[in-house]
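The next block holds one structure in the form of structure tokens; read it before the comments.
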Amino acid sequence: MKKIAILGSTGSIGTQTLEIVRNYSQELEVLALAAGSSTAKMEEQIREFHPKLAVMWSEDAAKELKERTADLSVEIAYGMEGLLQIAVMEEMDILVTAIVGMIGIRPTIAAIEQGKTIALANKETLVTAGHIIMPLAKKKGVSILPVDSEHSAIFQSLQGAKRKELSKILLTASGGPFRGKKREELADMTVEDALKHPNWSMGRKITIDSATLVNKGLEVMEAKWLFDTDLDQIQVIVHPQSIIHSAVEYVDGGIIAQLGMPDMKLPIQYALFYPDRKPMDTKRVDFYELSQMTFERPDMETFTGLKLAFEAARMGGSMPTVFNAANEMAVSLFLNKKIKFLQIAELIQASMEHHKKVEAPGVEEILAAEAETYEYIRQVVKQA
Ligand code: NAD
Ligand code: MG
């Protein structure tokens with residue numbers, strides 16, 4: 001039995017992880033679950049999967065959950081302390097980080113310190129603290145198994161290869177719902193328009209990130225850390241059908257890619273059972289039906305979020321944190337209809353210009369850069 005814990009169990013990745021546990025209940029066991037505020041969903045998950053520990057973000061939500069589960073023996077905790085309690089559980093084999101945003105940094109680091117394998121979906125953590133997490137994982141001999149579909153594809157394509165044979169990472173992107181549009185058209189795009197992703201059904205934040213191409217920018221940084229490459233070795237390729245989930249090019253020009261239908265359950269399951277593959281009941285690629293796959297260059301002049309991500313990554317230090325924090329806040333403002341679509345990238349740019357970069361920031365400095373960015377945006381948006 002592999003014992004797993006899931007941070008963000010009620011979300012898109014979290015619930016799909018639990019579907020896999022349901023299919024493989026003889027091999028996977030849920031030890032702990034954490035979620036933000038959805039107590040009803042958490043109660044359902046506790047009744048089905050019997051974790052020892054369940055964590056809600058707020059104390060009130062935890063209280064409510066306690067009442068809902070008064071007849072059960074599950075322990076209930078809350079807040080960052082609760083997340084950290086999960087991260088260091090002795091019996092845990094794998095921690096699935098399926099939480100959104102930088103809140104994942106501290107629990108991820110705590111779990112690595114304890115030598116726990118990480119199945120990482122929470123890309124914001126690597127983007128902002130990759131320089132801390134990757135060396136620590138190496139030191140502790142911990143595997144960081146990617147759950148993000150592109151990174152899983154790269155990881156799968158690298159199996160059996162020697163590191164020095166890798167020449168390039170080919171990171172594919174669907175292009176999102178606004179592919180082919182120009183800036184004038186983007187100006188009036190609504191939350192509802194931006195939430196209509198053509199190929200993937202995901203949480204709201206990452207779906208907006210896909211519309212701005214900020215998601216691809218975060219993934220470039222995520223790939224740089226996971227696979228220890230230079231930025232110049234990562235090429236973003238728009239591939240609207242999302243069949244090739246990403247690829248690697250080797251020194252002899254040979255390319256190995258991973259293909260499949262767009263379904264996150266495959267990368268999640270691959271991470272949970274790595275290095276094994278297990279049967280999965282999912283739609284298969286039918287090349288007769290598909291008939292063609294197409295490719296384009298990303299339009300970074302229109303989707304400046306991607307260009308800014310490359311800039312932030314090149315600058316390094318605390319700049320990726322500012323890029324990420326500005327995006328997290330701007331997306332939340334956009335989802336609450338306080339700003340317009342194009343303002344997301346504008347706020348990221350303004351925040352980066354305003355910030356004085358700190359080299360090799362520690363966790364406290366990362367969190368300080370996050371707070372500073374939030375405060376800056378609060379002022380800018382109030383004045384607007
Ligand atoms: P989501 O919004 O659907 O779910 C987020 C989960 O985190 C929920 O369970 C929520 O309750 C929980 N959560 C939020 N704030 C919390 C807090 N403060 N404390 C505890 N729990 C909290 O998000 P998602 O789409 O599942 O994405 C999760 C992560 O995975 C993100 O980093 C995203 O970029 C990444 N990712 C998602 C997909 C996808 O298909 N959804 C694909 C690749 C990568
Ligand atoms: Mg992805």
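Start at 1 and go down the list; that is how both ligands and their atoms are numbered.
- For Phe178 and Phe303, the ring centers are positioned 6.0 Å apart or more.
- Enumerated by chain and number, the residues approaching ligand 1 to less than 4.0 Å through a heavy atom are Gly8, Ser9, Thr10, Gly11, Ser12, Ile13, Ala35, Gly36, Trp57, Ala98, Ile99, Val100, Ile103, Ala121, Asn122, Lys123, Glu124, Asp148, Met202, Gly203, Ile206, Met264.
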Between Leu126 and Ile133, does the side-chain contact (heavy atoms from CB on, under 4.5 Å) criterion hold? Intermediate values first, please. CA-CA 7 Å; Leu126 265 195; Ile133 286 171; 3.9 Å; yes

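- Under the side chain to side chain donor-acceptor pair (under 3.5 Å) criterion, the residue pairs touching residues 91-103 are Lys52-Glu91, with sequence neighbours excluded.
- Of all the N, O or S atoms in Glu150, the one closest to the Mg ion (ligand 2) is OE1.
- Side-chain atoms of Asn324 and Glu328 include a donor-acceptor pair closer than 3.5 Å.
- The closest approach of Glu219 to the Mg ion (ligand 2), by N/O/S atoms, is made by OE2.
- Under the 3.5 Å distance criterion, with hydrogens and angles disregarded, a donor-acceptor pair is assigned to the side chains of Tyr274 and Gln159.
- Distances from the Mg ion (ligand 2) to each N, O or S atom of Asp148 single out OD1 as the nearest.
- Between Lys168 and Gln235, the side chains place a donor N or O and an acceptor N or O closer than 3.5 Å (distance only, hydrogens not considered).
- For Arg284 (side chain) and Thr282 (main-chain N/O), a donor-acceptor pair under 3.5 Å exists by modelled atom type.
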